[in-house]
Amino acid sequence: MSADLNLETELAVPAVARQRSPLYFAWRRFLANKAAVVGGAVLLVLILAAIFAPLFTKTDPAAQAFLSQSLAFPSAEFWFGVDDLGRDFFTRIVYGARVSLTIGFAAAAFSVVIGIPLGALAGYFGGKTDWFIMRIIELFSVVPSLLAAMLLGALTGGGFVTIIVIAALFGWVNVCLLVRAQVKSFREKEFVRAAQALGASPWYIIRRHLIPNSISPIIVGFVLAIPLAMMLEASLSFLGIGVPPPTASWGQMINVGMNFMFFYWHMAVFPTAALAITVLATTLFGDGLRDALDPTLKGR
């Protein structure tokens, strides 16, 4: 009797495993990556803090409400101290997260919008189309993104929208390469050949079959484009051609804090730490997501 039960159990386990979707196993692989889980949790906290900033901050980030306590060090009253213009530094750090994350997510979204069609066209058609798109990618890869961003920012005067456009112009390359590789691996599959045999047009195959099956690299490319855009925004704001004051920006605060760092360390340390933690958390989360969705890329 017990032998029969053991046999039934052994037969039932593979059946359950077969019923589980690839998303389930991707989720299990992601949870096994502790660094990615911690990075995702930190990123979630930062996003929630940026969204609900007015609920737990003292004042408006531009309000000079504490002029008599300018440059005060961190304390129980002012967690991150007060800046040189009498503004609560914790409030400005939290609102700076809004700027950095908004630019990061918006630039990543535009990078995906540009990279998906170009990568799909290069991967499916190959030949001259692939050659032409790869030459464009090489051009953007050779030009230093920060120097080009500085030039474009200086010409346009910087600003919120300008930084998003500049970050998207240099962020689509990785998305395009990921989608191109995925489409090239799928274009010889049976379901694509079946669609071709039934008379489906290339545009229909790309739209209905290849791009939906490339969702994993698209998600990975989107997440990994976020820290690149955030670093670019911080660099431009640090150089004075990014988000204009009095809008709270981590790069701008680092720039100001450099003038006070030997005497008022909190002016430079806290925005630098906020930027570093956010970029690190996003990168760890993106790497873990990449390994979970496509374990063949792990370790590369």
Side-chain angles (χ1 to χ4, degrees), residues 30 33-57 61 74 79-81 83 87-112 145-146 149 158 160-161 163-164 166-168 170-171 174-175 219-239 241-245 247-258 261 265-292:
F30 179 79
N33 189 333
K34 303 304 181 184
V37 172
V38 172
V42 172
L43 183 60
L44 178 61
V45 170
L46 290 168
I47 292 172
L48 293 176
I51 293 173
F52 299 107
L55 299 180
F56 60 91
T57 53
W79 293 351
F80 288 179
D83 71 359
R87 298 171 295 193
D88 180 56
F89 216 46
F90 174 75
T91 300
R92 290 186 62 77
I93 292 291
V94 173
Y95 276 87
R98 276 190 173 184
V99 173
S100 292
L101 290 172
T102 301
I103 288 177
F105 277 91
F110 281 110
S111 298
V112 168
S145 58
L146 181 57
F160 196 84
V161 176
I163 294 178
I164 292 175
I166 293 172
F170 291 94
N174 290 332
V175 179
I219 294 173
V220 172
F222 172 81
V223 175
L224 293 179
I226 295 173
L228 297 178
M230 291 172 58
M231 288 294 293
L232 186 62
E233 180 275 324
S235 300
L236 293 177
S237 295
F238 178 81
L239 296 171
I241 52 177
V243 178
T247 303
S249 165
W250 289 340
Q252 181 191 113
M253 284 187 276
I254 294 171
N255 186 15
V256 174
M258 293 292 288
M261 65 180 297
W265 55 268
H266 63 283
M267 291 283 290
V269 168
F270 285 118
T272 303
L275 178 63
I277 290 171
T278 306
V279 171
L280 178 61
T282 310
T283 303
L284 290 175
F285 177 70
D287 288 342
L289 202 62
R290 178 198 61 195
D291 294 341

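These numbers come from a predicted model, not from an experiment. Starting from 1, each residue takes its place in the sequence as its number.
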Heavy-atom check, side chain of [X] versus side chain of [Y], under 4.5 Å:
{"X": "Phe105", "Y": "Phe222", "value": "yes"}
{"X": "Ser100", "Y": "Glu233", "value": "yes"}
{"X": "Pro74", "Y": "Phe90", "value": "no"}
{"X": "Ile226", "Y": "Leu43", "value": "no"}
{"X": "Leu228", "Y": "Leu224", "value": "no"}
{"X": "Arg92", "Y": "Phe80", "value": "no"}
{"X": "Asp291", "Y": "Phe30", "value": "no"}
{"X": "Ile219", "Y": "Leu289", "value": "yes"}

Which distance, rounded to the nearest 0.5 Å, do you find between the [atom1] of [X] and the [atom2] of [Y]?
{"X": "Leu48", "Y": "Leu44", "atom1": "CG", "atom2": "CG", "value": "4.5 Å"}
{"X": "Thr283", "Y": "Met231", "atom1": "OG1", "atom2": "CE", "value": "9.0 Å"}
{"X": "Phe52", "Y": "Thr57", "atom1": "CZ", "atom2": "OG1", "value": "13.0 Å"}

Would you say the side-chain atoms of Ser237 pair up with the backbone N or O of Val243, donor to acceptor, closer than 3.5 Å? yes
Is the Phe270 ring parallel, tilted or perpendicular to the Trp265 ring (thresholds 30°, 60°)?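 The rings of Phe270 and Trp265 sit tilted, inter-plane angle from 30° to 60°.
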Which residue in the set Val42, Ile47, Leu101 passes side-chain contact (heavy atoms from CB on, under 4.5 Å) when paired with Thr278?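 Testing each of Val42, Ile47, Leu101 against Thr278, the sole residue satisfying side-chain contact (heavy atoms from CB on, under 4.5 Å) is Leu101.
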